[in-house]
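Below: one structure, written as structure tokens.
Side chains included, hydrogens not; waters and symmetry mates left out as well; all remaining heavy atoms used. In what follows, every chain begins at residue 1, and chains take the letters A, B, ... in the order their sequences are listed.
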Protein chains: 4
Amino acid sequence: MTEEALDKKAAALQAALELIAEQGFHGAPMSRIAERAGIGVGTIYRYFASKDDLINALYIEIKSRLTRSILKGYSEQLPVREGFQHLLDALVRYCVAHPAELAFAEQYENSPLITAVTRAELLRLFQPIQDLFRRALAEQLLKELPFEMIGALVYSSVTALAKLQLSGAMQLGDPRYETGLAAIWDMIKR
Amino acid sequence: MTEEALDKKAAALQAALELIAEQGFHGAPMSRIAERAGIGVGTIYRYFASKDDLINALYIEIKSRLTRSILKGYSEQLPVREGFQHLLDALVRYCVAHPAELAFAEQYENSPLITAVTRAELLRLFQPIQDLFRRALAEQLLKELPFEMIGALVYSSVTALAKLQLSGAMQLGDPRYETGLAAIWDMIKR
Amino acid sequence: MTEEALDKKAAALQAALELIAEQGFHGAPMSRIAERAGIGVGTIYRYFASKDDLINALYIEIKSRLTRSILKGYSEQLPVREGFQHLLDALVRYCVAHPAELAFAEQYENSPLITAVTRAELLRLFQPIQDLFRRALAEQLLKELPFEMIGALVYSSVTALAKLQLSGAMQLGDPRYETGLAAIWDMIKR
Amino acid sequence: MTEEALDKKAAALQAALELIAEQGFHGAPMSRIAERAGIGVGTIYRYFASKDDLINALYIEIKSRLTRSILKGYSEQLPVREGFQHLLDALVRYCVAHPAELAFAEQYENSPLITAVTRAELLRLFQPIQDLFRRALAEQLLKELPFEMIGALVYSSVTALAKLQLSGAMQLGDPRYETGLAAIWDMIKR
DNA sequence: CATGAATGAGAATTCATTCAT
DNA sequence: CATGAATGAATTCTCATTCAT
């Protein structure tokens, strides 16, 4: 793909992200996505087979950016406890810094748009994080709970924290924010 | 309203619930809701001013049933710790027993459909639960966190547990289920 | 028909008249007509076979009241010129005094609702006025024009005058009103 | 707009004109308008924001064609009397030659669809004709009546004449047609 | 390649009419 | 008789997708 083509594809994804985050799926017809992206409607169909395809690609992209960002500065060499601390913190920070992505993801995950392909792709992305969990379980730092359960509890809690911050109820520097993060750790630690 | 009228109104709500839970908002046009409810499309409009109105009414109804159900057997006389235990347990049980309601609520809460009226109504419904939190905070059983934060952490975690059970990963009797509930308590207890 | 039945029938006609005059045909669904008439929707169908039937009956009723009113005080004994004067004047006065009827009639006459039966009924109502025209033509007071043409010219002009008054541009006592009436006579007099 | 686009827009207007003239507003749903225009329903909405918008645009277009047509051959140099003669004659001829436009205009003007914008646009179109009236009033050729009154009387009378011709009661060459036109002049001349 | 006009299936909503009470 | 709840055909309008330019 040429650089220009990449630009247009990215513009379409970004426009869809913003519109869906701001107005929900109903407020994001293809025509408006194209308009905000500054490209033609037809052009979108050169890069995505359908609207569903666009949205699934957007989700993968979002999750990919998220994992890339929170894994930055993380190393498998880090002690498990510190690794967790890093990831939790990075996760909340990322969500707060990218509210549109959070809003989009929440809507998407609760809609029946998700495909099997998307689910598989997600697992791949989360591999390093799974590894951390496995290490933690092996070191008996965590409660004896299945991996998916810990993941679900942590993810939903962090997301809840991020939403609170976005609603304006709390600032990042707020000491209660630290307490909140600690609470999440309390939940899963043995 | 006559009994038959109440039946039709309830049938419309139930049909909408099922369809939205199963297929999302896009899979629930008024025509299909009417069809599944076994009534005419026009009839729905005798009871709800618009589709938005129907959906908001449904959400209130769902939350109302939920609170009524989990408050059954709960008493303000109960010690705080037991009160929590009861509510958490009842909440997961209710969500697992009413998967369509959970699926609908998750979709609705992440959509831009909520109105101010609905939000106000919700607060009213949750009053008794708020009181429990206040008691717990007063007795210094909980971490020093704002009420909304504790509520959000608990609700999102319980929901996450319920979804896990629904996905088939776990049964109600599973010992890990008890551990999961305990983990949620660990998160918020001082 | 009992007296009460006549009341309901009249109430339906009156409600339809007002609604159509105020908001046009689109603003006058049967449900609203019934509501304003203070009766049930079904009741209207006891007196009128359909909405079209109701509207046609209303038109006949309107025209009947109009002719009855303007013929009051008119006598075949009157000299033709004075007879005309009387009728023209009475016609404008009636229209101005009954703006809803004028508004309704204008809308009705330009719609394709009118039936052959209604047309025939109209002719019957206008008989005495036709006679006046015939007398005038016989006395060679009028231009040699076909009866329908004079009638159409006069009716449209009087209606135009009445609309002007209703629009607030002119008062009944205004001297230009007299001049206007005289102008209409100038149009048809030989 | 490309030529083809203009074609479609014009086709929609023409189809709406014919259907409303023939069957009234009730006989002209968007689907039928599109069908007769030989275009898709959605296409109409590319050119008109709503059905109301389409109808108002049609009215402006009709009146614009009408004024353009009757002003052809008219010159401000013409003596007032001849100017009137020309306009009256051209007006009847136009109405008779374009019965659908007459029928549509009559229905529209008596409906509550007119917007303020449309009214303003009309005034602009009728400027040259207003000028003629002003000249005539200045030369004391007309009765001392307000401009609007003369305009209303003349327009309604001419329209009445045109409708008569359309009903088949009279032909254009008919001497009584000339007498009719003369009668209208008699009405307003001093 | 990019575009956006054109399309028509499908969505929400209205309303004349019926009929059980 | 009177009522008005119930109905579904019909209406307006939207939007994902196509395809000629």
Side-chain angles (χ1 to χ4, degrees), chain A residues 1-2 4-5 8 25-35 38-55, chain B residues 1-2 4-5 7-9 25-35 37-54, chain C residues 1-2 4-5 8 25-35 38-55, chain D residues 1-2 4-5 7-9 12 25-26 28-35 37-54:
Chain A
M1 245 188 306
T2 74
E4 200 192 327
K8 304 211 181 201
F25 285 109
H26 277 71
M30 292 297 263
S31 55
R32 218 188 306 199
I33 293 174
E35 190 183 33
I39 60 179
V41 215
T43 308
I44 298 181
Y45 284 86
R46 296 213 70 75
Y47 301 110
F48 305 98
S50 68
K51 191 179 181 184
D52 278 16
D53 187 45
L54 163 68
I55 289 174
Chain B
M1 241 183 312
T2 74
E4 201 192 329
D7 282 357
K8 307 219 175 199
K9 190 174 178 179
F25 285 108
H26 278 73
M30 292 300 262
S31 54
R32 218 185 309 194
I33 292 174
E35 192 182 30
I39 61 179
V41 212
T43 307
I44 300 181
Y45 286 88
R46 293 203 62 75
Y47 300 107
F48 305 98
S50 66
K51 191 178 182 184
D52 276 19
D53 189 44
L54 164 68
Chain C
M1 242 185 309
T2 73
E4 200 193 326
K8 304 210 181 200
F25 284 108
H26 276 72
M30 292 297 263
S31 55
R32 217 186 310 195
I33 292 173
E35 189 183 32
I39 61 180
V41 216
T43 309
I44 299 181
Y45 284 86
R46 297 212 69 75
Y47 301 110
F48 306 98
S50 68
K51 191 179 182 184
D52 279 15
D53 188 46
L54 163 68
I55 288 172
Chain D
M1 241 184 309
T2 74
E4 200 192 329
D7 281 357
K8 307 219 177 202
K9 188 174 179 180
F25 285 108
H26 278 71
M30 293 300 262
S31 54
R32 218 187 308 195
I33 292 173
E35 192 182 29
I39 61 180
V41 211
T43 307
I44 300 181
Y45 285 88
R46 293 202 63 74
Y47 300 108
F48 306 98
S50 67
K51 192 178 182 185
D52 276 20
D53 188 45
L54 163 68

Roughly how far, to the nearest 0.5 Å, is [atom2] of [Y] from [atom1] of [X]?
X: B/Lys9; Y: B/Thr43; atom1: NZ; atom2: OG1; answer: 14.0 Å
X: A/Tyr47; Y: A/Ile44; atom1: OH; atom2: CD1; answer: 11.0 Å
X: B/Lys8; Y: B/Arg46; atom1: NZ; atom2: CZ; answer: 11.0 Å
X: A/Ile55; Y: A/Ile33; atom1: CD1; atom2: CD1; answer: 6.5 Å

Paired and unpaired positions of DNA chain E as dot-bracket, Watson-Crick or G-U wobble under 3.5 Å, | denoting a partner strand = .||||||||||||||||||||

What does nucleotides 12-21 of chain E look like as a protein-contact string, B for base, S for sugar-phosphate only, - for none, at under 4.0 angstrom between heavy atoms?
-> SBBSSBB---

In whole angstrom, give the distance that lies between atom [atom1] of [X] and atom [atom2] of [N].
X: D/Ile39; N: E/dG8; atom1: CD1; atom2: C1'; answer: 12 Å
X: A/Glu35; N: E/dA5; atom1: CD; atom2: P; answer: 12 Å
X: B/Ile44; N: F/dA5; atom1: CD1; atom2: P; answer: 16 Å
X: D/Asp53; N: F/dT12; atom1: CG; atom2: P; answer: 14 Å
X: C/Ile33; N: F/dG4; atom1: CD1; atom2: C1'; answer: 16 Å

Which residues share a side-chain contact (heavy atoms from CB on, under 4.5 Å) with [X], sequence neighbours left out:
X: A/His26; value: B/His26
X: C/Ser31; value: C/Pro29
X: D/Asp53; value: D/Phe48, D/Ala49, D/Ser50

Are any of A/Lys8's side-chain N or O atoms less than 4.0 Å away from OP1 or OP2 of E/dC1?
-> no

Of A/Arg46 and D/Gly38, the one whose closest DNA chain E nucleotide lies more 5' = A/Arg46

Tell me, please, which residues at least two apart from B/Lys51 pass salt bridge (Lys or Arg N to Asp or Glu O under 4.0 Å).
-> none

